[in-house]
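Predicted model, so just to flag it, every value in this text is computed and none were measured. Naming: A, B, ... by sequence-line order, numbering from 1 per chain.
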2 protein chains.
Amino acid sequence: MKEGPDIAQIGALIGDPARANMLAALTGGRALTATELAGVGGITVQTASTHLAKLEAGGLLAQRKQGRHRYFTLADEAVARLIESMMGFAAGRGHLRHQPGPKEPALRKARICYDHLAGDYGVRMLDSLIASSSIEAVGEGLALTEKGESDLKRIGIDVSDLRSSRRPLCRSCLDWSERRAHLAGSLGKALLSSFLDKGWARRTAESRSILFSPEGDRQFLKLFPVDA
Amino acid sequence: MKEGPDIAQIGALIGDPARANMLAALTGGRALTATELAGVGGITVQTASTHLAKLEAGGLLAQRKQGRHRYFTLADEAVARLIESMMGFAAGRGHLRHQPGPKEPALRKARICYDHLAGDYGVRMLDSLIASSSIEAVGEGLALTEKGESDLKRIGIDVSDLRSSRRPLCRSCLDWSERRAHLAGSLGKALLSSFLDKGWARRTAESRSILFSPEGDRQFLKLFPVDA
DNA sequence: GCGATGCTTCGGTTACGATCGAACTATGAA
DNA sequence: TTCATAGTTCGATCGTAACCGAAGCATCGC
């Protein structure tokens with residue numbers, strides 16, 4: 001009889017519509033902020049915060065603090081699989097859900113994240129900078145090498161200017177579409193700014209996506225190659 | 001944002017402790033009555049009834065009416081798999097549950113079901129009677145053949161006596177430990193009574209299990225053989 | 001017909017949890 | 001320092017759902 005609160009607990013966690021929407025949104029493997037998740041769940045940030053705390057306490061979510069943001073992800077692979085299987089089950093019962101839709105591939109390619117470049121291009125840029133020894137990973141953080149400093153000067157970015165700011169120069173930022181790190185910090189901001197200044201790319205009015213011009217695209221890919 | 005009530009709905013269904021316990025109890029594949037499930041859930045029958053109605057409406061349960069009993073089972077294989085996977089997940093999170101325990105194998109072998117024989121022996125008996133053409137399936141029900149009637153007379157059961165009762169002679173009863181049908185009805189009752197009268201078996205005080213004596217065991221197996 | 005049993009429905013209580021406004025903490029930028 | 005943004009915590013409200021007693025059906029066996 002007394003078998004203890006077992007599947008009931010996780011069932012209840014998933015059983016709230018707001019939480020279910022949050023979890024569904026996170027099943028893509030992307031990390032989202034509390035505010036974004038509040039939007040997904042259709043609730044205020046306060047409410048979302050308590051929901052997220054419960055989900056974390058229940059072991060379904062993990063959070064990663066990053067500046068003033070707090071990125072939430074599913075705790076691990078097992079959670080994703082559970083959610084996926086429940087979604088599959090629900091779909092089989094006839095509760096066919098609204099499909100995610102086209103989902104703006106442009107947003108996945110390149111978009112603004114706070115003030116720096118994110119998406120496929122953002123991840124690619126950091127990968128390339130590390131591959132060329134311009135940036136190296138130091139523990140959890142990132143550090144600019146001397147080679148990197150001179151390379152950047154050549155494309156018009158004066159790092160000494162950036163050092164005057166109290167903001168860290170390099171910082172790793174979790175990319176929610178690629179689920180890998182891209183470059184944040186004042187250097188990340190400076191790089192994006194230079195792309196925009198050079199006319200390689202421009203921001204869009206409504207969306208967070210960054211649109212590269214054909215020429216800018218060419219230049220960017222040349223500047224940050226991905227070697228085999 | 002609006003993705004519809006999807007996994008939240010089944011999550012909520014599973015999220016109630018009483019319902020979760022019921023579902024867990026049914027995951028063994030056995031069919032249980034509302035009263036039994038109420039016991040499992042630690043609630044009254046009324047409450048259990050509403051829970052069961054919800055689970056059925058949600059497509060998780062199916063019920064099969066049988067006389068004044070109502071046997072509930074998981075709707076299908078998919079439900080069982082979902083519950084199993086959730087239990088596995090929960091166990092992995094550290095919510096290790098109380099193990100079902102030894103579970104009285106005697107109860108699975110032979111027990112009383114209302115007034116007839118159930119369990120492995122009950123199922124075996126009906127199988128054997130059908131195999132020997134003593135009973136044949138007619139639509140949903142069961143019917144005694146002439147051969148069956150004479151065979152039974154030989155072991156001391158006068159069917160004409162039984163016919164005088166308004167109670168059906170043969171009835172199929174879902175066995176919850178075997179998940180297959182066994183013989184109910186006045187004939188099922190008569191058969192069990194004869195076993196008890198002959199001293200082949202006896203009821204136990206506390207449990208519902210039927211204990212066969214070594215000799216009774218031998219006789220029963222000889223009388224109701226299972227052919228290859 | 002009768003009483004007994006298994007289960008559902010109705011009515012009303014109670015309790016828990018989702019929700020948000022407002023206040024508080026923390027980080028970042030100037 | 002000051003302002004702005006991101007999140008959490010507090011407090012209180014409100015709805016909903018779980019729960020049970022009691023009454024109502026349905027089925028069985030006599």
Phosphate contact (C:dT8 OP1 or OP2) by B:Ser49 side-chain N/O below 4.0 Å: yes

OP1 or OP2 of C:dG17 under 4.0 Å from side-chain N/O of A:Lys54: no

Heavy-atom side-chain contact between A:Ile14 and B:Ile14 under 4.5 Å: no

Minimum-distance nucleotide (side-chain atoms of B:Thr50 versus C:dT8, C:dT9, C:dT27): C:dT9

Side-chain heavy-atom pair A:Ile135, A:Thr145 within 4.5 angstrom cut-off: no

Geometric class of the B:Phe220/B:Phe195 ring pair [parallel <30°, tilted 30-60°, perpendicular >60°]: perpendicular

Out of D:dA6, C:dT27, C:dT19, whichever nucleotide has its closest atom nearest the side chain of A:Ile43: C:dT19

Distance in angstrom units between B:Arg68 CZ and C:dT8 P, rounded: 15 Å

Quiz item: B:Gln46 side-chain donor-acceptor pair to D:dG21 base, under 3.5 Å: yes

Separation of atom NE2 in A:His69 from atom C1' in C:dT25, rounded to whole Å: 16 Å

Phosphate OP1/OP2 of D:dT27 contacted by B:Lys65 side-chain N/O (<4.0 Å): yes

Nucleotide nearest A:Asp16 (side chain, heavy atoms from C-beta), chosen from C:dT19, D:dT8, C:dT8: C:dT19

Rounded distance in Å - CD1 (A:Ile14) to C1' (C:dG17): 17 Å

Interatomic distance where NZ belongs to A:Lys189 and C1' belongs to C:dA30 [whole Å]: 11 Å

Interatomic distance where CG belongs to B:Leu55 and C1' belongs to C:dC7 [whole Å]: 16 Å

B:Leu37 CG to C:dG6 P, straight-line distance once rounded to whole Å: 14 Å

Nearest listed nucleotide, side chain of A:Thr47, among C:dG17, D:dG7, C:dT19: C:dT19

Of the listed nucleotides C:dA18, D:dA18, C:dC7, the one nearest the side chain of A:His51: C:dA18

Protein-nucleotide distance (A:Leu52, atom CG; D:dT9, atom P), rounded to Å: 11 Å

A:Met22 CE to C:dA18 P, straight-line distance once rounded to whole Å: 11 Å

Upstream residue (5' side of DNA chain C) when B:Arg70 and A:Val45 are each assigned their closest nucleotide: B:Arg70

Closest-nucleotide ordering on DNA chain C, the 5'-leading residue of B:Ala34 and A:Ala18: B:Ala34

B:Arg124 (side chain) donor-acceptor with B:Phe224 (main chain) under 3.5 angstrom: yes

B:Thr44 side-chain N/O to D:dC19 phosphate OP1/OP2 under 4.0 Å: no

Backbone N/O of B:Tyr71 and side chain of B:Arg64: donor-acceptor pair under 3.5 Å: no

